[in-house]
Amino acid sequence: QVQLVESGGGLVQAGGSLRLSCAASGRSISIGAMGWFRQAPGKEREFVAAISWTLATTRYADSVKGRFTISRDNAKKTVYLQMNSLKPEDTAVYYCAAGTSFRISAYASDMDYWGKGTLVTVSS
């Protein structure tokens with residue numbers, strides 16, 4: 001089993017920045033890729049960004065390209081999401097996810113482990 005714990009959410013004004021962190025523990029050796037998804041009130045969960053655990057290749061949703069950056073620290077078993085130029089439409093609960101496949105996927109169904117989420121609120 002792999003446990004994921006997110007941190008770093010909060011309230012920020014539009015145009016501001018936040019950095020989310022997700023620490024993995026347990027059988028983290030089985031992780032092939034990690035990603036971030038988000039779910040806004042009344043909406044379905046959507047893909048934000050993903051990163052390969054070994055090659056550090058990345059993938060982003062079109063809505064966050066150029067504003068968000070995903071990175072990882074293998075030694076700390078932690079993945080980060082740097083969010084800049086935040087917009088009110090970025091308001092959501094952000095979930096960290098991990099998959100055992102090394103293939104980066106934008107599909108929640110490809111992820112095997114999930115954190116409990118951290119709330120990001122962007123005020124206008």
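Predicted model, so just to flag it, every value in this text is computed and none were measured. In this chain, numbering begins with 1 at the start of the sequence shown.
- Taking the centre and axis of the six-membered ring of Tyr95, the NZ or CZ atom of Arg38 falls outside the cone set by 45° and 6.0 Å.
- The side chain to side chain contact (heavy atoms under 4.5 Å, CB included) search around Phe102 returns Thr54, not counting sequence neighbours.
- Sorted pairs that involve residues 112-124 and meet salt bridge (Lys or Arg N to Asp or Glu O under 4.0 Å), not counting sequence neighbours, are lacking altogether.
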Got a list of side-chain donor-acceptor pairs under 3.5 Å for residues 60-71, not counting sequence neighbours?
{"residue": "Tyr60", "atom": "OH", "partner": "Ile70", "partner atom": "N", "Å": "2.8"}
{"residue": "Asp62", "atom": "OD1", "partner": "Lys65", "partner atom": "NZ", "Å": "3.2"}
{"residue": "Arg67", "atom": "NH1", "partner": "Ser85", "partner atom": "O", "Å": "3.0"}
{"residue": "Arg67", "atom": "NH1", "partner": "Asp90", "partner atom": "OD2", "Å": "2.7"}
{"residue": "Arg67", "atom": "NH2", "partner": "Ser63", "partner atom": "O", "Å": "2.9"}
{"residue": "Arg67", "atom": "NH2", "partner": "Asp90", "partner atom": "OD1", "Å": "3.0"}
{"residue": "Arg67", "atom": "NH2", "partner": "Asp90", "partner atom": "OD2", "Å": "3.4"}

Worksheet item: Would Arg103 and Asp110 satisfy side chain to side chain contact (heavy atoms under 4.5 Å, CB included), going step by step from the backbone distance to the final call?
Response: CA-CA 9 Å; Arg103 179 177 62 88; Asp110 288 336; 3.5 Å; yes
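- Leu20 is connected to Tyr113 through a chain of hydrophobic side-chain contacts under 4.5 Å among Ile, Leu, Val, Met, Phe, Trp and Tyr, so both are in one cluster.
- At least one side-chain heavy atom of Val79 sits under 4.5 Å from a side-chain heavy atom of Ile51.
- Geometrically, Arg72 does not engage Tyr80 in a cation-pi contact defined by less than 6.0 Å to the ring centre and at most 45° from the axis.
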Worksheet item: Given Met34 and Cys22, is the side chain to side chain contact (heavy atoms under 4.5 Å, CB included) satisfied, shown in steps?
Response: CA-CA 9 Å; Met34 293 186 70; Cys22 174; 3.8 Å; yes
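- For Val12, the side chain to side chain contact (heavy atoms under 4.5 Å, CB included) partners are Leu18, Leu86, Val122, not counting sequence neighbours.
- With sequence neighbours excluded, the residues satisfying ring-ring contact (aromatic ring centres under 6.0 Å, His included) with Phe37 are Phe47, Trp114.
- Between the CG atom of Leu4 and the CE atom of Met111 there is a distance of 10.0 Å, given to the nearest 0.5 Å.
- With hydrogens and angles disregarded, a donor-acceptor distance shorter than 3.5 Å links the side chain of Thr118 to the backbone of Gly9.
- Residues Leu81 and Val2 share a hydrophobic cluster, clusters being chains of Ile/Leu/Val/Met/Phe/Trp/Tyr side chains in contact below 4.5 Å.
- The salt bridge (Lys or Arg N to Asp or Glu O under 4.0 Å) contacts involving residues 48-58 comprise nothing, where partners must be two or more places apart or lie in separate chains.
- Of all the heavy atoms in Pro88 and Ala14, the pair that sits closest is CD-CB, 4.1 Å.
- Closest non-hydrogen pair, Ser123 versus Leu11, comes out as CB-CD1, 4.3 Å.
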Discussion item. Quick one, Ser17 with Asn84, criterion side chain to side chain donor-acceptor pair (under 3.5 Å). Give me CA distance, side-chain angles, the key distance, then yes/no.
Written reply: CA-CA 4 Å; Ser17 299; Asn84 299 327; 2.9 Å; yes
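- For the pair Thr91 (side chain) and Glu89 (backbone), a donor-acceptor distance under 3.5 Å is absent.
- Side-chain atoms of Met83 and Tyr94, non-hydrogen and from C-beta on, do get closer than 4.5 Å to each other.
- One hydrophobic cluster, built from ILVMFWY side chains closer than 4.5 Å, holds both Val120 and Trp36.
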